[in-house]
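The structure presented is a predicted model; accordingly, all values stated were derived computationally and were not measured. The chains referred to below are lettered A, B, ... by the order of the sequence lines, with proteins before strands, and numbering in each begins at 1.
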Amino acid sequence: MPSPNRLLRPFFNRSTLIVARELLGQRLVRLDKGGARLSGLIVEIEAYIGTDDLGCHARVGRTPRNDSMWGPPGHTYVYFTYGMHWMLNFVTERSGYPAATLIRSLVPLEGLETMRQRRAGRPENTLTNGPAKLCQSLAIDRSLDGCDLCHPGSPLFIEALSQLEDDYVMTGPRVGLETVPEPWRSIPWRFRVHPNHIDILVDKADQ
DNA sequence: AGCACGATTAACT
DNA sequence: GTTAATCGTGCTC
């Protein structure tokens, strides 16, 4: 059953910075085993753009690991790091150009019981407030690498809500790039929903 | 074949 | 604030 407001290919086939900015406040939906809906609002996201970006995995060229990032927009790029964590990205821009957005944090909306089970023993406020934590709660791993967000019936997609006003968007340097040379280390390609606006956003999404 | 390291997290002082 | 966990990946020999 196609979702009425699912974001489609043209949305992702644009400048990565625009896509990242506009994904803030949108609802990420994961159809779990059995079809149960797990979802959350995207409140933190980062952009990784091309082979010149020394913070981007594509800096080493096309490899089996980062292959999805070079493919068509609107697909996932899911990778494994630190020997234990999965990370979720959405591929942007034209096919052949490697760029993606890293989903760093969600506010959980649906399926919290399942998320709690997968994050057993951890505090309630740590279900999806980190790139590896949200992948654990949503059961995202290698099997979802290359998944087409725009394909009807896909187990992962974005439901469009209203666009966030600029007043509620914060930008800054990307996280975890301390060893990356400037300007890439400090370039403000991290986007967040202002903390004071998150409750309002959740209330609107609940309507 | 061997090596150094990572778009992180949790547990520690 | 510091550090261990843990292994796939890409690089060098």
Side-chain angles (χ1 to χ4, degrees), chain A residues 12 15-21 23-24 26 28 30 40 42-71 73-93 97-108 112 114-147 149 156 158 169-193:
Chain A
F12 298 97
S15 150
T16 307
L17 295 177
I18 299 292
V19 174
R21 159 68 180 81
L23 278 173
L24 277 183
Q26 308 304 310
L28 170 62
R30 163 75 159 129
I42 297 173
V43 295
E44 182 179 354
I45 190 166
E46 288 173 352
Y48 291 85
I49 310 174
T51 55
D52 292 339
D53 175 5
L54 295 182
C56 179
H57 289 167
R59 69 187 179 277
V60 297
R62 193 169 188 162
T63 68
R65 183 201 201 197
N66 67 30
D67 189 68
S68 294
M69 209 176 2
W70 300 73
H75 290 242
T76 61
Y77 165 43
V78 177
Y79 70 88
F80 186 67
T81 192
Y82 290 106
M84 62 193 98
H85 299 307
W86 295 97
M87 302 280 150
L88 173 65
N89 296 254
F90 301 148
V91 177
T92 56
E93 314 212 23
Y97 185 84
T101 59
L102 171 70
I103 310 303
R104 285 200 59 90
S105 186
L106 306 174
V107 174
L112 274 72
T114 299
M115 297 183 194
R116 285 185 195 109
Q117 289 170 15
R118 291 180 176 148
R119 296 273 305 153
R122 274 64 169 253
E124 177 78 12
N125 64 350
T126 67
L127 295 179
T128 58
N129 69 336
K133 290 181 255 188
L134 69 92
C135 283
Q136 186 181 8
S137 286
L138 299 182
I140 289 166
D141 62 18
R142 180 181 291 289
S143 68
L144 282 176
D145 183 34
C147 174
L149 301 167
L156 202 62
I158 308 295
V169 176
M170 300 172 62
T171 62
R174 295 171 294 180
V175 175
L177 302 190
E178 305 311 318
T179 66
V180 171
E182 299 289 4
W184 311 110
R185 172 176 161 180
S186 301
I187 201 164
W189 286 357
R190 177 192 192 200
F191 301 85
R192 279 182 293 171
V193 178

Is there any protein nitrogen or oxygen under 3.5 Å from a nitrogen or oxygen in nucleotides 11-13 of chain B, and what are the pairs?
none

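Of the C1' atoms belonging to B:dA7 and C:dG1, the separation is 22 Å, rounded to the nearest Å.
With ring centers used as reference points, A:H85 lies 6.0 Å or more from A:F80.
Toward the 5′ end of DNA chain B lies the nearest nucleotide of A:L88, the other residue of the pair A:L88 and A:R119 mapping further downstream. If A:Q136 and A:R59 are placed on DNA chain B by their nearest nucleotide, the residue sitting closer to the 5' end is A:R59.
Rounded to whole angstrom, the span from the CD1 atom of A:I103 across to the P atom of B:dT8 amounts to 14 Å.
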> Just the dot-bracket of DNA chain C, please: which string comes out with Watson-Crick or G-U pairs under 3.5 Å, [ ] for crossing, | for another strand?
Replying inline: |||||.||||||.
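Salt bridge A:D67/A:R62: present, at least one basic N to carboxylate O contact under 4.0 Å. The existence of a salt bridge linking A:R174 and A:D53 is confirmed by a sub-4.0 Å separation between a basic side-chain nitrogen and an acidic carboxylate oxygen.
Nucleic acid contact for A:G130: sugar-phosphate only, since backbone atoms but no base atoms lie under 4.0 Å from a heavy atom of the residue. Counting any heavy atom pair closer than 4.0 Å across all strands shown, A:L177 reaches sugar-phosphate atoms only and no base atom.
For A:E46 (side chain) and A:V175 (main-chain N/O), a donor-acceptor pair under 3.5 Å exists by modelled atom type. Side chain of A:R30 to main chain of A:L138: a donor-acceptor pair is present (N/O by atom type, distance under 3.5 Å, no hydrogens or angles). The closest donor-acceptor contact from the side chain of A:T76 to the backbone of A:C147 lies under 3.5 Å. Between the A:S137 side chain and the A:L127 main chain, a donor and an acceptor come within less than 3.5 Å of each other.
For the 3.5 Å distance criterion, the side chains of A:T101 and A:N89 fail to qualify, holding no donor opposite an acceptor. No hydrogens or angles considered: nothing links the side chains of A:T171 and A:R190 as a donor-acceptor pair under 3.5 Å.
For A:T179, the listed nucleotide lying nearest its side chain is B:dG6; candidates were B:dT9, B:dG6, B:dA7.
Put simply, the residue from A:Y48, A:Y79, A:W70 that forms a ring pair (Phe, Tyr, Trp, His ring centres under 6.0 Å) with A:H57 is A:Y79.
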>> For a quick check, with a 4.0 angstrom heavy-atom cut-off, what is the B/S/- contact string for nucleotides 3-11 of chain C, read 5' to 3'?
In response: --BBBSSSS
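Taking side-chain N and O atoms only, A:R190 has no distance below 4.0 Å to OP1 or OP2 of B:dA7.
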